[in-house]
2 protein chains.
Amino acid sequence: MSMRVVDVERVRGLPLFCGVSEETFGAVTAGAFLQKFPAGTTLLHEGDPVDFLYVLLDGLVELEGTWNDKETTLAVLRPVSTFIFAAVALDADALMSARTVERSDILMLSGEALRRAMQTDPRFSYAATLELAGCYRGLVRSLKNQKLRGGAERLANYLITQRVRQGGAETFTLPHEKRLLASLLGMTPENLSRAFATLTGYGVVINGPEVTIARPVVLERLAKPDPLIDNHHPPASRLWARPSGKCGPPAARASRRTGPGCECPRPVRGPAHGRWPCPSGPGRSAPPTDAKPPPRPSAGRAG
Amino acid sequence: MSMRVVDVERVRGLPLFCGVSEETFGAVTAGAFLQKFPAGTTLLHEGDPVDFLYVLLDGLVELEGTWNDKETTLAVLRPVSTFIFAAVALDADALMSARTVERSDILMLSGEALRRAMQTDPRFSYAATLELAGCYRGLVRSLKNQKLRGGAERLANYLITQRVRQGGAETFTLPHEKRLLASLLGMTPENLSRAFATLTGYGVVINGPEVTIARPVVLERLAKPDPLIDNHHPPASRLWARPSGKCGPPAARASRRTGPGCECPRPVRGPAHGRWPCPSGPGRSAPPTDAKPPPRPSAGRAG
DNA sequence: GGATTGGATTGATGATGATCAAATTCAGGC
DNA sequence: GCCTGAATTTGATCATCATCAATCCAATCC
């Protein structure tokens, strides 16, 4: 099943293919399949060897992990995004399952071809590095979110993020079932329901899948959003795609913190060092030492 | 301060520099600093711009995250390992702080030089991709560990992993303070203490920092270790280093699941599909659909 | 030695989250 | 319109975990 031109362009616009040669792109997409899957299809099981890189072109996909008959959602993806790239790169078994939440169009790219391309085209392996670095940082955020915050706080921040991503209007719609959201936030559906009830006291109005944040300031006082945890602006994806299917030259990106960074277009940061409505706060418990490196040593050269 | 030859070779042996040219390696290590830091030194603060890739040559380093006056440790590193590579690659702000737990020797490599090298030497950006992929998967494991298991289970699995990594003897020593372990496992020191007390009932004997697993089978019945969460064998690091400072040719690694994989030397796996003392279990709740992709469509080509 | 310090442990209590059960709402299907 | 099944909500109860407080212990420092 061949891709429509539109789809090719959307794939071409992915950060992963930013700056790669037409040959490489051709080689990688040559043996690709574009498939449509119904909702609820398991694309890949935890522990399975991974033969393809998946690209979600349309629909909704959940990545989940299992242990001891329990399962948890690690991420919910929307188009356009790639998934299980790390396993593909290493030619390793999947650490998580992937399943469609809605009917989805998914492009499958040969892992073999990708690994070959990475060793051939330096631009591609460079793009791959940036892609993975972005994914890595996404997970760091998730882990911090999970370990440092309580359920209601996670929900509050989720809602704030959604509001921003959906355009910033007072009212928006949850992108999927609450049951799935609960799993993503690391709680049971019952507790999610109660967490919503709690947020009612902070100006949040729930109406089925419709959420209204009536008093954002109040909610933020509870949520304490933090740019080092919450990625309000979507990481890359279509932001990188130019209508022409080209993307910014690597030179521009490599320059010191200028232009749109690959992972995140650097949310508007205030003057000087400020970087969020909610600063990390001055009160930090003082650890044993907190000194900058001792006066730089006789700074010689090595290697 | 110039590196000793031994140190240069240890750095050269890192997976990150596997297969890179001497020129690239030289360019990257040219402006490097080797510094010794006392215990408890904060090398890097959350939110700071990252100018260096750090390489821990000796000592112990903790990576931690903070929010709302609470902190949690995301990883504890031992030599030889690199850290905050993702932030360096993207030239982004650090998402976590790094501090020495013990007196440490740390090599600092210029981020600028590394990013330049990634765009110059395809072998290097390829190695970087594999490195990041390994780190990514490490975090997936952590997140699953955190979301799916309870405190006692996390501890039990931690102990089992330590036993294996330290050689498999019945008795071993905790590599650092329990306070730090508690934070790593996502619990309070008090609860860690109680979790240890609980494990006493499963054949675990605690004597200060000395831990004895008297009845591994019993403990494993509680812990239910899983290769998709627990990485019993250390990921890469010195495993890759050849005494000569060279490492396996990429060709060997790229081949389908043979030879020592870069992330993990593929723990001894049983026959057929088995891969761990504790299988993921047959009982899996049946989701809506669990089918393999529908009969492959008219499988055309795209791109 | 004796005092001091910080880590580790233990106990008591409260908060948070999970589980079980039942009621309720909602979307389709007939 | 009514039925049915699933999602969601609510209530009650239990398990887990955090917090506060006090104690114990070992290392260190005069």
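Protein chains get the first letters and strands the later ones, always in sequence-line order, with residue 1 at the start of each.
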| Positional range of nucleotides in DNA chain C within the contact set of chain B, heavy-atom, under 4.0 Å |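 Listed 5' to 3', the contact boundaries are C:dG7 to C:dA12.
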
| request: Would you mind telling me which residue lines up with the more 5' stretch of DNA chain C, A:K70 or A:N207, judged by nearest nucleotide? | output: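 That would be A:K70.
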
| query | If you find the nucleotide of DNA chain C closest to B:E177 and the one closest to A:T188, which residue's nucleotide is nearer the 5' end? | reply |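 Residue closer to the 5' terminus by nearest nucleotide: B:E177.
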
| Which residues in residues 148-159 of chain A have at least one heavy atom lying under 4.0 Å from any atom of DNA chain C? |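 Only A:G150, A:G151 qualify.
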
| Residues from residues 189-199 of chain A sitting under 4.0 Å of DNA chain C, heavy atoms only? | A:E190, A:N191, A:R194

Atom pair [atom1]/[atom2] of [X] and [Y] - distance to nearest 0.5 Å:
X: A:N191; Y: A:T198; atom1: CG; atom2: OG1; answer: 9.5 Å
X: B:T66; Y: A:L148; atom1: OG1; atom2: CG; answer: 7.5 Å
X: B:R165; Y: B:I160; atom1: CZ; atom2: CD1; answer: 13.0 Å

Is the shortest heavy-atom distance from the side chain of [X] to the side chain of [Y] under 4.5 Å?
X: B:T212; Y: B:N207; result: no
X: A:L44; Y: A:Y54; result: yes
X: A:I84; Y: A:F52; result: no
X: B:L199; Y: B:L222; result: yes
X: B:I206; Y: B:K178; result: yes

| said: Between the opening five pairs and the closing five pairs of the helix from C:dG1-D:dC30 to C:dC30-D:dG1, how far apart are the helix axes, to 10°? | reply: 30°

| field | Side-chain donor or acceptor of A:T161 paired with backbone N/O of A:N157 under 3.5 Å | value |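 Looks like yes, one N/O pair under 3.5 Å.
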
What closest approach, in Å, do [X] and [Y] show between heavy atoms, and which atom pair accounts for it?
X: A:E46; Y: A:M96; value: CG-CA, 3.5 Å
X: B:G47; Y: A:L228; value: N-CD1, 3.6 Å
X: A:R141; Y: A:I229; value: CB-O, 3.1 Å

| field | Partner set under side-chain contact (heavy atoms from CB on, under 4.5 Å) for B:V76, not counting sequence neighbours | value |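 By the side-chain contact (heavy atoms from CB on, under 4.5 Å) rule, B:V76 matches B:L60, B:T73, B:H176, B:L180, B:L184.
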
| request: Test salt bridge (charged side-chain N to carboxylate O under 4.0 Å, His left out) on A:D105 and A:R10 and set out the steps. | output: CA-CA 12 Å; A:D105 294 352; A:R10 288 203 296 164; 5.8 Å; no

| Opening and closing nucleotides of DNA chain D in contact with chain A, under 4.0 Å to non-hydrogen atoms |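 Reading along DNA chain D, I get D:dA7 to D:dA12.
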
| said: Apply salt bridge (charged side-chain N to carboxylate O under 4.0 Å, His left out) to residues B:R149 and B:D230 and explain how you reach the verdict. | reply: CA-CA 12 Å; B:R149 308 215 259 227; B:D230 310 291; 2.4 Å; yes

